[in-house]
Amino acid sequence: MTSPSRTRVLTGITTTGTPHLGNYVGAIRPTVQASRDLSTDGFYFLADYHALIKCDEPARIQRSTLEIAASWIASGLDPDKVTFYRQSDIPEIPELTWLLTCVTGKGVLNRAHAYKAAVDKNNAAGHDTDADVTAGLFMYPVLMGADILMFKAHKVPVGRDQIQHIEMARDMASSFNHLYGEHFVLPEAVIEESVALLPGLDGRKMSKSYDNTIPLFAPAAQMRKQIAAIVTDSKAPGEPKATEGSALFQIYQAFTSADETAAMARAYADGIGWGEAKQMLFERIDREIAPMREHYQSLVDNPAQMDKILLAGADKARQLATPFMRELRHAVGLRALSSGTTSNTIKETKTALPSFKQYREKDGLFYFKFVDAKGQVLLQSLGFATPKQVGIAIAQLQSIPTVNMPDVASFIQSVGTASWDLIQENLQVLRATTVVK
Ligand code: TRP
């Protein structure tokens, strides 16, 4: 079933909360659509280990896992055509997390957005830097790296806020590959530009944190009531209305064809009353959702069947994860004492590394160069007034994720002259190699 020629697409859904229309339009619907593409091999999973970082209520974790799993299947995800599983059913994932932890720079994790945001908030409030920050939040990107690298995913569809995590996963993969041989595929983030960002009841982005959501599978009567609560201006029926900035219009657009949208735009211009527009919106959404709602309800009412579906998915996933983990354990040296190489041969195979050289010129200024393993100069810096500035520039250069090519290139331009792609390659080697002493 899993032919290697197919592009492997993988994504995770954190199991906190109840899916809402924004999740449906922004993630579930496009992903289910994409999962039908026969040239791809889809891996979709419930990231319940990740959920523990945000939620310490066992009943909510459990309920949310059921609701999210049921939502995806009711929305058309076919567990026979894709691999659909629960992260915590794959013990190889936390096992791989540790191997990746050991090739990930702590400094890289210091710069992860979610952790940095927590730290910035603490600092602004005058609290201890790490107050209320769990090591789980800090390690979040490594667990996510394990999710992705375990299944050799080529493409990872995510929201913009997750791009950094995919870059980190790439860096973990190349560090590991450099140290232990080519085991991991370097994943790429896929950002769907065309997917609608759905506004919520108050016009801001629909999000649980704004408390402005419309649950995806609420009973029809409740959905109608919530749609009636979408904010509008106070224009009376008969007065022309603006589509621009109208949350109602944007939500309508996310569910209709271009023709239907154009017809609604004309109705706005002709002064359709808000009550009538809301009724049209409700009917249009309900037309799409109603058949799935029944399926959803039957799945939620039968959790044992859901368990079965997810365990079958985990079984499928572990057919890859179990042998791969065995290969990885062997690669790092966790293997039978009767097999393998001696430490002498390891030393012999170690090659020279690229490095940074710092020095002072006759002009009194401080410089650095970046040289490759053969001593060829890849980057010649400009002069700096102090050695400290040189140190900062080097640290900065080393800290840019090597996959972030525009940043590396523009940084290099600001400190000197060089061929940046050679630098990128060598930085990767250098970083991969200095991580583990
Ligand atoms: N962090 C992702 C989110 O919040 C969820 C997630 C966990 C994920 N593991 C993943 C997404 C692996 C893609 C790949 O959206």
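All ligand and atom numbering here is 1-based and tracks the order in the structure.
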Check ion pair D286-R293 (N to O, under 4.0 angstrom): yes

When you pair each N or O of ligand 1 with protein N or O atoms, which pairs come out under 3.5 Å?
{"unit_1": "ligand 1", "atom_1": "1 (N)", "unit_2": "Y140", "atom_2": "OH", "d": "2.6"}
{"unit_1": "ligand 1", "atom_1": "1 (N)", "unit_2": "Q162", "atom_2": "OE1", "d": "2.9"}
{"unit_1": "ligand 1", "atom_1": "4 (O)", "unit_2": "Y140", "atom_2": "OH", "d": "3.2"}
{"unit_1": "ligand 1", "atom_1": "4 (O)", "unit_2": "Q162", "atom_2": "NE2", "d": "3.4"}
{"unit_1": "ligand 1", "atom_1": "9 (N)", "unit_2": "D147", "atom_2": "OD2", "d": "2.7"}

Qualifying ring-ring contact (aromatic ring centres under 6.0 Å, His included) pairs, either residue in residues 54-90, two or more places apart: F45-Y85, Y85-F151

Under-4.0 Å salt bridge between E188 and R8: no

Sequence neighbours excluded - ring-ring contact (aromatic ring centres under 6.0 Å, His included) pairs with any residue from residues 87-113: none

Electrostatic pair E283:R287 at N-O distance under 4.0 angstrom: no

Salt bridge (charged side-chain N to carboxylate O under 4.0 Å, His left out) involving E288 - partner list, sequence neighbours excluded: R29

